[in-house]
**Q** 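I have a structure here, written as structure tokens, and I will follow up with some questions on it.
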Amino acid sequence: MRIIRITYELGEQDKWGSTLNSSQKRFTFFVPGNDAWAQMRIEMPTEFKQLTMGMFPYHVHKILFRHLVVNRELRSTDLERLKGNSNGPWNFQGELLLEWEGIQARIIRPDVQAVNGVIHVIDRVMMKRRDLTKSGSPIGPYCSSFLLVILTFVQVAILF
């Protein structure tokens, strides 16, 4: 589906789609449409770039997983019955609105049947800037270089 191209591409970064391959589980996936990603690109350009550059698969996984309800296939009729009730981190509102931590998303294309669940295309990405915060400590290949520089300074300080 062209309307969810960006979500699909993000999911391919770390093979996140394999999460959905289980035929033993049912899923409800609130998929941000391309317009939702375009809005995020305007509101949070740095975060959008970080997500789409393929270097932060953990963050992509965490954000996409937030849009997923595992072991429940919730059709729009089920969501209608849940209006005003909290369902875990979600709060379903009138006219099929979702709310997560103060962010509201409207379902713009409900009930897209998938092999093992249902997809609802939404008009917002459920994420905040804090979702992409990183530790200030060095990691990966930079860690050993950083430690080498520190040890060099310690040795120089000891010599003098």
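Position 1 is the first residue of the sequence; numbering continues from there.
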**Q** Quick one: are F30 and V69 in side-chain contact, heavy atoms under 4.5 Å?
**A**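 The answer is yes, as the side chains (C-beta and beyond) meet within the 4.5 Å cut-off.
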**Q** First locate atom CG of L132, then atom NZ of K49, and finally report the distance between them rounded to the nearest 0.5 Å.
**A**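 Going from CG on L132 over to NZ on K49, the span is 13.5 Å.
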**Q** Quick check: do H59 and Q50 have side-chain heavy atoms less than 4.5 Å from each other?
**A**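 They are not in contact (no side-chain heavy atoms under 4.5 Å apart), so the answer is no.
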**Q** Among residues at least two apart in sequence or on other chains, which ones pass side chain to side chain donor-acceptor pair (under 3.5 Å) with E73?
**A**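 Testing E73 for side chain to side chain donor-acceptor pair (under 3.5 Å), a comparison that skips the adjacent residues, returns R26, Q113.
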**Q** Return the CH2 to OG1 distance between W37 and T52, rounded to the nearest 0.5 Å.
**A**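 Output value for this atom pair is 9.0 Å.
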**Q** Where do W100 and R66 come nearest, in terms of heavy atoms and distance?
**A**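 Nearest heavy atoms, W100 then R66: CZ2-NE, 3.1 Å.
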**Q** Name the atoms and distances for all side-chain donor-acceptor pairs under 3.5 Å in residues 117-126, with sequence neighbours left out.
**A**
{"unit_1": "H120", "atom_1": "ND1", "unit_2": "D111", "atom_2": "N", "d": "3.1"}
{"unit_1": "H120", "atom_1": "NE2", "unit_2": "L74", "atom_2": "O", "d": "2.7"}
{"unit_1": "D123", "atom_1": "OD1", "unit_2": "R106", "atom_2": "N", "d": "2.7"}

**Q** In plain terms, say whether R72 and D78 are close enough for a salt bridge, that is, a side-chain N and a carboxylate O under 4.0 Å apart.
**A**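 Salt bridge absent between R72 and D78.
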**Q** Check F29 against H67 and note the closest heavy-atom contact, atom names and distance.
**A**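 It is CD1-O, 3.4 Å.
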**Q** If I take atom CG from residue D131 and atom CD from residue E101, how far apart are they, to the nearest 0.5 angstrom?
**A**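 Between D131 CG and E101 CD, I get 8.0 Å after rounding to 0.5 Å.
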**Q** To the closest 0.5 Å, what do you measure between CG (L68) and NE2 (H61)?
**A**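 The CG atom of L68 sits 9.0 Å away from the NE2 atom of H61.
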**Q** Which pair of non-hydrogen atoms, one from I42 and one from P45, has the smallest distance, and what is that distance?
**A**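 Heavy atoms of I42 and P45 come nearest at O-CD, 3.7 Å.
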**Q** Is there side-chain contact between I108 and D35, with at least one heavy-atom pair below 4.5 Å?
**A**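 They are not in side-chain contact.
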**Q** Can you tell me how far OG1 of T77 sits from CG of L96, rounded to the nearest 0.5 angstrom?
**A**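 Those atoms lie 9.5 Å apart.
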**Q** Out of curiosity, M127 CE to M44 CE, how far, rounded to the nearest 0.5 Å?
**A**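 These two atoms lie 4.5 Å from each other.
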